[in-house]
Amino acid sequence: MVHAPRNALAAPPLDVDELCFRARGLDGLTIGELARRLGVTLPDEPRRAKGVVGELVELALGATAGSLDLPDFPQLGVELKTVPVDEQGRVTESTYVCAIDLDAIQHAEWRGSRVRRKLACVLWMPVQAAKQAILSERHLGTPLLWRMRGEAEAAIEADWRALVGRIAVGGIDEISAHLGEVLQIRPKARSASERVVVRGADGVKVETVRRGFYLRAAFTEAVLWGEM
DNA sequence: TATTGATCATGC
DNA sequence: GCATGATCAATA
């Protein structure tokens with residue numbers, strides 16, 4: 001995505017209230033209008049537009065972390081996630097959480113894990129669209145500031161423990177996206193041919209594809225509907 | 001047709 | 001290379 005002109009960039013919000021106020025101010029805006037305000041040209045091909053909406057909303061709200069391994073609003077400890085929903089409010093895609101260090105994760109603990117840090121506090125921004133709607137005609141919905149706790153945290157933690165345990169015992173080749181009630185592990189790589197070398201459970205080197213944690217759409221939907 | 005596996009773009 | 005931002009598109 002091209003850079004937005006300097007005068008279109010928002011300063012970082014000073015507190016969570018200001019962030020939420022700004023986010024509510026985007027409710028109803030189309031992506032086309034948001035891009036126009038920010039002076040950004042949208043890609044023509046949908047497959048070249050992955051991630052663009054998230055970047056636009058970051059710009060509009062004054063997110064600063066860039067590609068650092070920090071929340072989008074480091075001072076506030078808030079992570080921003082756009083989430084696609086259909087006309088009924090059904091979530092249509094899974095949500096990427098973070099990459100997995102396949103060597104380190106075998107010794108990781110839930111408290112202190114990247115998944116827990118990433119999801120501790122999330123500002124969800126729904127992006128509503130009819131099926132196959134073009135990017136510029138999708139529009140932002142009502143934002144939700146969410147803190148992971150209670151039932152939601154228990155479900156995510158249980159999956160995380162099961163998945164990490166399975167990697168530790170059987171190695172990464174035991175893992176498929178079918179595993180996990182709410183949290184799953186899927187490829188996250190430039191291409192399927194790109195390999196990383198990791199030490200398997202028995203210490204033997206194994207070549208595999210880079211992977212990340214994702215939240216299933218059904219879970220994110222429950223969050224947006226206030227059920228988690 | 002829901003879901004998994006694959007892929008696209010950018011920054012440092 | 002690996003982090004960020006996700007959605008596309010083939011398959012089950």
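Each chain gets a letter, A, B and so on, in the order the sequences are listed, and its residues count up from 1.
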- Query: Cut-off 3.5 Å, side chains only: do A:Arg211 and A:Thr208 have a donor facing an acceptor?
  - Reply: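 Yes, a side-chain donor-acceptor pair sits under 3.5 Å.
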
- Query: Do A:Thr142 and A:Asp27 have side-chain atoms, one donor and one acceptor, less than 3.5 Å apart?
  - Reply: yes

- Kindly write out the residues that satisfy ring pair (Phe, Tyr, Trp, His ring centres under 6.0 Å) with A:Trp225, not counting sequence neighbours, or none if the list is empty.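 Ring pair (Phe, Tyr, Trp, His ring centres under 6.0 Å) list for A:Trp225, sorted by chain: empty.
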
- Donor-acceptor pair present, A:Glu45 side chain and B:dC8 base, under 3.5 Å: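 Not at all, since no donor on one side and acceptor on the other fall under 3.5 Å apart.
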
- Item | By salt bridge (charged side-chain N to carboxylate O under 4.0 Å, His left out) - contacts of A:Glu194 (at least two apart) | none

- Task: Output all residues satisfying salt bridge (charged side-chain N to carboxylate O under 4.0 Å, His left out) with A:Glu93, sequence neighbours left out; order by chain, then residue number.
- Result: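 With sequence neighbours excluded, A:Glu93 shows a salt bridge (charged side-chain N to carboxylate O under 4.0 Å, His left out) to no residue whatsoever.
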
- Task: Looking only at side-chain atoms of A:Arg47, point me to the closest of B:dC8, C:dA6, B:dG5.
- Result: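 Of the options given, the side chain of A:Arg47 lies nearest B:dC8.
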
- Sequence-distant partners of A:Ala177, side-chain contact (heavy atoms from CB on, under 4.5 Å), two or more places apart: A:Gln184, A:Arg186

Sub-3.5 Å pairs of nitrogen or oxygen atoms, protein against nucleotides 10-12 of chain C:
none

- For residues 29-59 of chain A, the ring pair (Phe, Tyr, Trp, His ring centres under 6.0 Å) pairs (sequence neighbours left out) are none

Interface residues of [range] with DNA chain C (non-hydrogen, below 4.0 angstrom):
range: residues 186-193 of chain A; result: A:Arg186, A:Lys188
range: residues 111-118 of chain A; result: A:Arg114, A:Lys118
range: residues 133-143 of chain A; result: A:Arg138
range: residues 210-222 of chain A; result: A:Arg210, A:Tyr214

Could you list the donor-acceptor pairs under 3.5 angstrom formed between side-chain atoms of residues 115-129 of chain A and any protein atom two or more places apart in sequence or on another chain?
from	atom 1	to	atom 2	distance (Å)
A:Arg116	NE	A:Glu153	OE2	3.0
A:Gln128	OE1	A:His139	NE2	3.1

- Note on the structure: Note, DNA chain B 5' to 3' with Watson-Crick or G-U pairs under 3.5 Å encoded as ( ), [ ], | and . gives ||||||||||||

